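What follows is a set of notes on a single structure, which appears directly below.
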Amino acid sequence: MLKIYNTMTGLKEVFRPLVPKAVRMYVCGVTVYDECHLGHARSALVFETIRRYLKYCNFKVTFVKNFTDVDDKIINRAKELGIPWQAVTAKYIKAYYRDMKRLGIGRATVEPRATKHMADIIGLVRALARKGVAYQVNGDVYFQVQKFPAYGALSKRKLEDMQAGARVEVDERKRNPMDFALWKSSKPGEPGWDSPWGRGRPGWHIECSAMSMKHLGKTFDIHGGGMDLIFPHHENEIAQSCAATGKQFARYWVHNGFVQVNQEKMSKSLGNFFTIREIFEKSEWSEDLTGEILRYFLLTNHYRSPLEFSDQGLREAKSSLDGFYDLFNRLKERGKTTGPVNEKLTTAIERTRLAFEQAMDDDFNTPAAVAELQGLRSGVNKLLETGLSTKAREQARQQFRLLGSVMGLFQLEKWRFNVDLSDIGVRGLADEEVESKVKERTEARRRKDFKRADEIREFLKSHDIIIEDRPDGTSRWKR
RNA sequence: GGCGCCGUACCCAAGUGGCUAAGGGAGCAGUCUGCAAAACUGCGAUGCGGCGGUUCGAACCCGCCCGGCGCCUCCA
């Protein structure tokens with residue numbers, strides 16, 4: 001039974017979608033004006049994992065993730081670069097897909113863009129104006145928060161408290177300082193669309209309301225994003241949407257915690273961010289390994305907790321993954337005995353599956369779920385000591401692949417255990433060369449010529465190859 | 001000023017009222033091995049930021065304090 005922590009109630013609640021067996025979820029994507037950083041990666045990965053687990057649980061998932069492609073920051077960036085704003089959004093949408101691909105994150109069911117939903121947005125603003133909860137000042141349209149009694153329910157704050165502490169410059173045209181723009185008039189040269197209020201563009205929050213309701217209906221199951229979106233973004237979305245439809249908007253609100261650097265939130269304004277791009281480009285590992293290391297690192301923390309980013313954290317993730325892939329290598333080898341699957345293995349696999357699901361059912365507890373897989377790793381290693389059939393080995397590998405797929409782990413066929421030295425000019429050896437050296441070394445060892453055997457081992461080591469001798473006198477090797 | 005979050009071993013990190021406080025990384029010792037690597041076995045918090053309280057019983061609930069962070073303005 002899946003339970004999800006709902007920001008709205010502050011409780012873990014049993015998850016029941018409105019339509020049985022079908023989940024509709026919306027996640028706030030990115031504003032495309034710059035490279036994405038690790039914080040964006042975490043959010044994207046968390047919701048990808050949630051989506052995959054829901055699928056694993058046999059829900060049909062309709063997943064909508066938007067691009068905000070009209071916004072002040074985009075306009076400013078276009079001015080800075082001296083290029084049309086459409087060129088800015090096109091560039092960073094492309095960069096986003098590049099990063100997501102590296103992280104192993106697939107496309108959402110629908111990936112709507114604000115600029116392609118102007119009619120829906122204008123229609124929604126119009127509906128709000130008609131209901132008397134919005135007012136017009138010159139070409140701008142504002143939402144009047146006092147007309148929405150539940151305002152503040154999500155972020156747990158009162159209108160009065162916010163007014164007292166708000167350090168916002170008071171816009172005299174607003175009736176309440178917390179009123180927010182639904183529609184803004186455009187200056188010449190800025191992106192704009194014709195509307196009943198003149199040429200203008202949408203406010204920040206309205207697009208998500210319009211696009212989520214268009215693609216998922218007035219009421220849908222899950223709405224997610226980073227914790228910093230709780231206020232004002234999601235609070236405002238609720239106000240707009242509920243005021244317009246008179247119906248509940250999202251049923252479960254899910255928010256991920258921040259990535260931090262030196263105990264501080266990683267953010268653009270603090271300048272302490274690492275872009276996904278630079279992490280991949282600076283990595284000493286190949287792209288697929290780096291992606292997996294990053295996923296492991298990000299998912300071995302609970303999604304609601306803050307996560308401290310560090311090189312050490314990444315290295316530890318790599319070490320842990322080495323342990324898994326070391327086992328997978330051994331599982332690839334033929335078993336001594338043929339015959340049926342091992343009964344103890346079957347039991348261990350089944351126990352792990354249940355514990356894994358239990359962990360994930362508890363508000364997507366990925367760190368606990370990974371711990372269960374570690375337990376299976378240890379269990380299979382023990383069984384391997386006494387011998388497992390080829391079929392049993394395959395069965396074990398298959399289980400890691402299946403459970404790991406929820407988090408995008410354990411899908412690789414080839415892993416690298418050592419640093420790749422090819423960048424600094426160390427020539428990699430071809431597999432055949434390694435094989436022949438290993439064979440030569442095996443001969444030497446048979447002759448008890450350990451000096452020669454060690455020479456060969458050193459030679460291979462300098463070429464990034466690690467030798468492991470088996471009890472039967474043969475050797476396996478890995479890079 | 002208002003609202004909220006976090007503090008578990010050297011590091012990362014589950015656990016949120018009741019068996020000996022998961023798991024990983026690092027470390028140490030041992031088994032195996034010609035040596036090494038891997039694997040396996042063992043060791044490692046009488047204690048969960050501190051002090052009180054509630055309870056038969058608390059890392060988990062309550063209060064106060066200390067330390068750190070976030071939101072209230074764009075932010076995943």
Side-chain angles (χ1 to χ4, degrees), chain A residues 7 10 12 27-31 33-34 36-47 71-73 76 152 155-158 160-169 178 204 224-233 235 255-260 263-270 273 296-297 300-302 304-308 310 312-313 315-324 326-327 329-330 355 359 362 365-375 377-378 380-382 384-386 417 445 448-451 453-454 457-458 461 466-471 473 475-478:
Chain A
T7 307
K12 278 185 200 172
V27 172
C28 290
V30 291
T31 301
Y33 74 104
D34 205 351
C36 288
H37 63 231
L38 234 210
H40 299 103
R42 184 182 195 192
S43 186
L45 184 61
V46 161
F47 289 103
D71 174 90
D72 288 353
K73 282 177 298 220
N76 292 338
S155 54
K156 313 280 182 285
R157 52 190 91 194
K158 299 183 189 112
E160 310 86 69
D161 295 340
M162 288 188 282
Q163 287 169 13
R167 289 172 294 166
V168 227
E169 306 164 34
M178 297 317 293
W204 174 34
M227 265 171 181
D228 43 6
L229 297 183
I230 293 172
F231 190 89
H233 187 54
E235 195 72 72
H255 295 97
N256 65 277
F258 301 126
V259 175
Q260 305 183 331
Q263 312 267 29
E264 278 183 320
K265 177 185 173 186
M266 181 183 286
S267 72
K268 287 279 164 69
S269 40
L270 286 169
F273 58 90
Y296 190 96
F297 171 70
T300 44
N301 284 67
H302 187 81
R304 283 192 282 122
S305 305
L307 185 159
E308 178 74 18
S310 67
Q312 195 197 337
R315 276 198 300 273
E316 287 184 4
K318 172 65 169 60
S319 297
S320 295
L321 285 166
D322 281 348
F324 280 105
D326 239 325
L327 170 63
N329 273 171
R330 263 167 268 135
D362 183 16
N365 193 336
T366 52
V370 172
E372 293 304 331
L373 294 169
Q374 289 283 9
R377 178 183 76 96
S378 161
V380 174
N381 266 324
K382 277 169 212 166
L384 220 39
E385 298 258 298
T386 56
F417 295 86
R445 291 178 69 220
K448 304 268 188 212
D449 183 356
F450 296 121
K451 188 168 173 274
D454 290 349
R457 185 165 61 198
E458 278 309 305
K461 195 179 170 190
I466 303 162
I467 296 284
E468 291 173 15
D469 295 337
R470 296 194 187 87
S475 306
R476 68 165 74 87
W477 61 274
K478 63 188 184 187

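Note on naming: letters A, B, ... go to the chains in the order of the sequence lines (proteins, then strands), and numbering restarts at 1 for each one. As the structure is a prediction and not an experimental result, all values here were calculated from the model.
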Completion exercise
Mate of B:C74 across any strand shown (Watson-Crick or G-U wobble, both atom pairs under 3.5 Å) is none

Exercise for the section: Please report, rounded to the nearest Å, how far the P atom of B:G1 is from the NZ atom of A:Lys158. Expected result: 16 Å

Handout entry: Listed nucleotide nearest any side-chain atom of A:Ser320, set B:G24, B:G23, B:C40
Key = B:G24

Exercise for the section: Using a 4.5 Å cut-off on heavy atoms from C-beta on, say whether the side chain of A:Met178 contacts that of A:Pro232. Expected result: no

Exercise for the section: Describe the nucleic acid contact of A:Met227 in one word from base, sugar-phosphate, nothing, applying a heavy-atom distance below 4.0 Å. Expected result: nothing

Exercise for the section: Just call it for A:Gly225: base, sugar-phosphate, or nothing, with non-hydrogen atoms closer than 4.0 Å on any strand. Expected result: sugar-phosphate

Exercise for the section: Tell me what A:Phe231 touches on the nucleic acid: a base, only sugar-phosphate, or nothing, going by heavy atoms under 4.0 Å. Expected result: sugar-phosphate

Handout entry: Contact under 4.0 Å: A:Arg377 side-chain N or O vs B:G25 OP1/OP2
Key = yes

Exercise for the section: Show the numbers, then the answer: is there a side-chain hydrogen bond (donor to acceptor under 3.5 Å, both in side chains) between A:Gln312 and A:Arg315? Expected result: CA-CA 5 Å; A:Gln312 195 197 337; A:Arg315 276 198 300 273; 5.7 Å; no

Completion exercise
When A:Arg445 and A:Lys12 are each assigned the nearest nucleotide of RNA chain B, the 5'-most assignment goes to A:Lys12

Exercise for the section: Check every atom of B:C72, B:A26, B:A76 against the side chain of A:Ser319 and return the nucleotide holding the closest atom. Expected result: B:A26

Practice task
Quick one: label A:Lys268 by what it contacts on the DNA or RNA (base, sugar-phosphate, nothing), any heavy atom closer than 4.0 Å.
Solution key: nothing

Completion exercise
Of B:C40, B:A37, B:A14, the nucleotide closest to the side chain of A:Lys382 is B:C40

Practice task
Verify, without hydrogens or angle tests, whether A:Lys268 (side chain) and A:Phe273 (backbone) share a donor-acceptor contact under 3.5 angstrom.
Solution key: no

Practice task
Would you check if A:Glu235 and A:Ile230 make a side-chain contact, meaning some heavy-atom pair closer than 4.5 Å?
Solution key: no

Handout entry: B:G4 pairs with, by Watson-Crick or G-U criteria that keep both distances under 3.5 Å
Key = B:C69

Completion exercise
When rounded to whole Å, the CD to C1' distance for the pair A:Glu160 and B:C3 reads 13 Å

Practice task
Classify the side chain of A:Asn301 and the base of B:C12 as holding, or not holding, a donor-acceptor pair under 3.5 Å.
Solution key: no

Practice task
Please determine, for the side chain of A:Val30, which listed nucleotide (B:C74, B:A76, B:C35) has the closest atom?
Solution key: B:A76

Handout entry: Sugar-phosphate, base or nothing in reach of A:Asn381, heavy atoms under 4.0 Å
Key = sugar-phosphate

Exercise for the section: Side-chain contact test, heavy atoms from C-beta onward, threshold under 4.5 Å: evaluate it for A:Val380 versus A:Arg330 and give yes or no. Expected result: no

Handout entry: Paired nucleotide for B:C35 [Watson-Crick or G-U wobble; both distances under 3.5 Å]
Key = none

Practice task
Provide the distance between the two C1' atoms, one in B:G63 and one in B:C56, to the nearest whole Å.
Solution key: 22 Å

Problem - Nearest atoms (heavy-atom pairs only) where A:Arg445 meets A:Ser475 - result: NH1-OG, 3.7 Å

Practice task
Pick base, sugar-phosphate or nothing for A:Ser378, based on heavy-atom distances below 4.0 Å to the nucleic acid.
Solution key: sugar-phosphate

Problem - Side chain to side chain, A:Glu468 and A:Asp326, heavy atoms closer than 4.5 Å - result: yes

Exercise for the section: Would you mind reading off the distance between A:Leu327 atom CG and B:A38 atom P, rounded to a whole angstrom? Expected result: 14 Å

Exercise for the section: Select base, sugar-phosphate, or nothing to describe what A:Ile467 touches, counting heavy atoms under 4.0 Å on all strands. Expected result: base

Handout entry: Interatomic distance, A:Lys461 NZ vs B:C35 C1' [rounded to whole Å]
Key = 12 Å

Problem - Heavy-atom check, side chain of A:Asn256 versus side chain of A:Phe47, under 4.5 Å - result: yes

Handout entry: Polar side-chain contact A:Arg42-B:A76 base: donor and acceptor under 3.5 Å
Key = no

Problem - Paired nucleotide for B:C60 [Watson-Crick or G-U wobble; both distances under 3.5 Å] - result: none

Practice task
Could you let me know what B:U54 is paired to, Watson-Crick or G-U wobble, both distances under 3.5 Å, or none if it's on its own?
Solution key: none

Problem - Sugar-phosphate only, base, or nothing, as touched by A:Arg330 at under 4.0 Å among non-hydrogen atoms - result: sugar-phosphate

Handout entry: Sugar-phosphate, base or nothing in reach of A:His255, heavy atoms under 4.0 Å
Key = nothing

Exercise for the section: Give the rounded distance in Å between these two atoms: CD of A:Gln374 and C1' of B:G15. Expected result: 17 Å

Problem - G-U wobble or Watson-Crick pairing nucleotide for B:C19 (cut-off 3.5 Å, both distances) - result: none

Practice task
Would you classify A:Gly29 as touching base, sugar-phosphate or nothing, given that sugar-phosphate means primed atoms plus P, OP1 and OP2, and contacts are heavy atoms under 4.0 Å?
Solution key: sugar-phosphate

Exercise for the section: Would you indicate which nucleotide in B:A14, B:C74, B:A76 comes nearest to any side-chain atom of A:His37? Expected result: B:A76

Handout entry: Base B:G34 paired with A:Asp454 side chain (donor-acceptor, <3.5 Å)
Key = yes

Practice task
Take the protein atom CZ of A:Phe258 and the nucleotide atom C1' of B:C74, then report the distance between them rounded to whole Å.
Solution key: 13 Å

Practice task
Look only at the side chain of A:Glu308 and the backbone of A:Gln263, and say whether a donor-acceptor pair between them is shorter than 3.5 Å.
Solution key: yes

Exercise for the section: Searching all strands shown, indicate the nucleotide that pairs with B:C40 (Watson-Crick or G-U wobble; both distances under 3.5 Å). Expected result: B:G30

Handout entry: A:Lys156 side-chain N/O to B:C71 phosphate OP1/OP2 under 4.0 Å
Key = no

Exercise for the section: Side chain of A:Gln312 only, please: which of B:C40, B:C11, B:A76 is the nearest? Expected result: B:C11

Practice task
Starting at atom CG of A:Asp449, determine the distance to atom C1' of B:C35, rounded to an integer number of angstrom.
Solution key: 14 Å

Practice task
Have a look at A:Val27 and say if it touches a base, only the backbone sugar-phosphate, or nothing, with a 4.0 Å heavy-atom cut-off.
Solution key: nothing

Handout entry: Under 4.0 angstrom between A:Asn76 side-chain N/O and B:C74 OP1 or OP2
Key = no

Exercise for the section: Assign A:Asp326 to base, sugar-phosphate, or nothing according to its heavy-atom contacts below 4.0 angstrom with the strands shown. Expected result: sugar-phosphate

Exercise for the section: For A:Glu468, answer base if it contacts any base atom (sugar-phosphate contacts may also be present), sugar-phosphate if it contacts only those atoms, and nothing otherwise; contact means non-hydrogen atoms under 4.0 Å. Expected result: base

Fill in the blank from the handout: Separation of B:U73 atom P from A:Glu235 atom CD, nearest Å, is 13 Å

Handout entry: Phosphate OP1/OP2 of B:G34 contacted by A:Lys451 side-chain N/O (<4.0 Å)
Key = no

Problem - Closest listed nucleotide, where the reference is the side chain of A:Lys478 and the choices are B:G34, B:A38, B:A14 - result: B:A38

Fill in the blank from the handout: Checking B:A76, B:C40, B:G24 against the side chain of A:Tyr296 (C-beta onward), the nearest is B:G24

Practice task
Look at the side chain of A:Glu316 and the base of B:G24, then say whether one donor and one acceptor between them are separated by less than 3.5 Å.
Solution key: yes

Practice task
Please work out if A:Gln260 contacts a base, only the sugar-phosphate, or nothing of the nucleic acid, heavy-atom cut-off 4.0 Å.
Solution key: sugar-phosphate

Exercise for the section: Could you give the distance separating B:C43 and B:A37 at their C1' atoms, to the nearest angstrom? Expected result: 22 Å

Practice task
Measure distances between side-chain N and O atoms of A:Arg157 and base N and O atoms of B:G4, and say whether any donor-acceptor pair falls under 3.5 Å.
Solution key: no

Problem - Nucleotide opposite B:C48 in a Watson-Crick or G-U pair, distances under 3.5 Å - result: none

Practice task
Indicate yes or no: at least one non-hydrogen side-chain atom of A:Asn329 is less than 4.5 angstrom from one of A:Arg476.
Solution key: no

